Amino acid sequence: FRIPVAVTIGYRDRNPERRIALVIGNGNYAASPLRNSRNDAKDMSNVLRQKDFQVTLLLDADKRQMVDAIRQFGINLKQGGVGLFYYAGHGMQVEGRNYLIPVGASIEAEHEVPLESVDVNRILGYMEDAGNRLNMVILDACRDNPFSRSFRSSEKGLAQIDAPIGTLI
C-alpha cells in the first residue's frame, strides 16, 4: 500500500513538522458489512507511521468512539503540524451533507442519519480551528447506501465538500 508521491510528505528533513493522523476503518456492519475497510485502515496506519505520523487507529468504531477520537484529534491538531484524517467504511449524503456511518448505527429512515452518524463537517471544523498549514482528508467510503430502501432520496456517493484553506480532500 503506497501513498502517491504527490501526497507523500514524510521525507526526512532537519526540522520535521509534527504529523498527526486519525484513521478509522469500519466494516463490521450488521447490514451490508464491508470486507476491506479494516485492512485498508490498518495498511494506511502502517504507511503513515513509516512517514513519522503519530497515528490513532480505530477499527469498527461506534458513534461515541468516533466522536471522542475526532475531538481528541482536534485537540492534537491545535498543537500544530500536519493533520490527516482517513476513513474507510460506509458514508452517505443527506440533503447535501456528508455522514460517516459508525458500526452499530440504527438507521431506519433518512432523517435519522444525522442522529446516528458523524457529520464530516465535524472533522473539517476542527481542522479549520487549528489553522495548520496543511490538513488532509481521505474518505474511502462505500458509495452504496445500505439503507436506501427506506430513503426518499436516491443520491449516491458523497456531496461536494468545501474545505477550509490548507485542507486537501
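Note that the coordinates shown come from a computational prediction; the quantities given were computed from them, not determined experimentally.
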For this session: Hey, could you give me the CZ/CG distance between Arg19 and Leu48, rounded to the nearest 0.5 Å?
Result: 10.5 Å

Exercise. Closest approach of Lys63 and Pro114, non-hydrogen atoms and distance?
Worked result: NZ-O, 4.0 Å

Problem set entry | Distance in Å, Asn121 CG paired with Asn98 CG, rounded so as to fall on 0.5 Å steps | 7.5 Å

Exercise. Between Val67 and Val120, is there a shared hydrophobic cluster once you connect ILVMFWY residues whose side-chain heavy atoms come closer than 4.5 Å?
Worked result: yes

Seminar exercise, completed: Interatomic distance, CZ@Arg71 vs CG@Leu22, rounded to 0.5 Å, equals 13.0 Å

For this session: Walk me through it: do Thr56 and Phe73 pass the test side-chain contact (heavy atoms from CB on, under 4.5 Å)?
Result: CA-CA 8 Å; Thr56 300; Phe73 179 63; over 6 Å; no

For this session: List the steps and the verdict of side-chain contact (heavy atoms from CB on, under 4.5 Å) for Leu100 and Leu139.
Result: CA-CA 9 Å; Leu100 309 178; Leu139 301 176; 4.1 Å; yes

Exercise. What pair of heavy atoms forms the shortest contact from Tyr86 to Ala41, and how long is it?
Worked result: CE2-CA, 3.9 Å

Problem set entry | Nearest heavy-atom neighbours spanning Leu59 and Asn26 | C-OD1, 4.3 Å

Exercise. Are Val137 and Met127 side-chain neighbours, meaning at least one heavy-atom pair lies under 4.5 Å?
Worked result: yes

Problem set entry | Residue pair Met44 / Ile138, side-chain heavy-atom distance below 4.5 Å | yes

For this session: Indicate yes or no for a side-chain donor-acceptor contact from Glu112 to the backbone of Glu108 under 3.5 Å, with no hydrogens or angles considered.
Result: yes

Exercise. Distance from Gln50 atom CD to Ser45 atom OG, nearest 0.5 Å?
Worked result: 11.0 Å

Problem set entry | Atom pair CG/OH of Asp140 and Tyr87 - distance to nearest 0.5 Å | 10.0 Å

For this session: To the nearest 0.5 Å, tell me how far Leu58 CG sits from Ile24 CD1.
Result: 5.0 Å

Exercise. So, Gln72 versus Asp68: side-chain donor-acceptor pair below 3.5 Å or not?
Worked result: no

Exercise. Above 12 or not: heavy atoms from other molecules or residues under 6.0 Å from CZ of Arg49?
Worked result: yes

For this session: Please name the pair of heavy atoms, one in Asn132 and one in Leu77, separated by the smallest distance, quoted to 0.1 Å.
Result: ND2-O, 3.2 Å

For this session: In plain terms, say whether Asp60 and Arg38 are close enough for a salt bridge, that is, a side-chain N and a carboxylate O under 4.0 Å apart.
Result: yes

Exercise. Do other residues, nucleotides or ligands put more than 12 heavy atoms under 6.0 Å from Arg64 CZ?
Worked result: yes

Seminar exercise, completed: Note: Leu57 and Lys42 closest approach over all heavy atoms is CD2-CG, 4.3 Å

For this session: Work out which heavy atom in Pro102 is nearest to a heavy atom in Tyr29; give both atom names and the distance.
Result: O-CE2, 3.5 Å

For this session: Test Met136 against Val82 for side-chain contact (heavy atoms from CB on, under 4.5 Å), laying out the working first.
Result: CA-CA 8 Å; Met136 294 172 275; Val82 171; 3.9 Å; yes

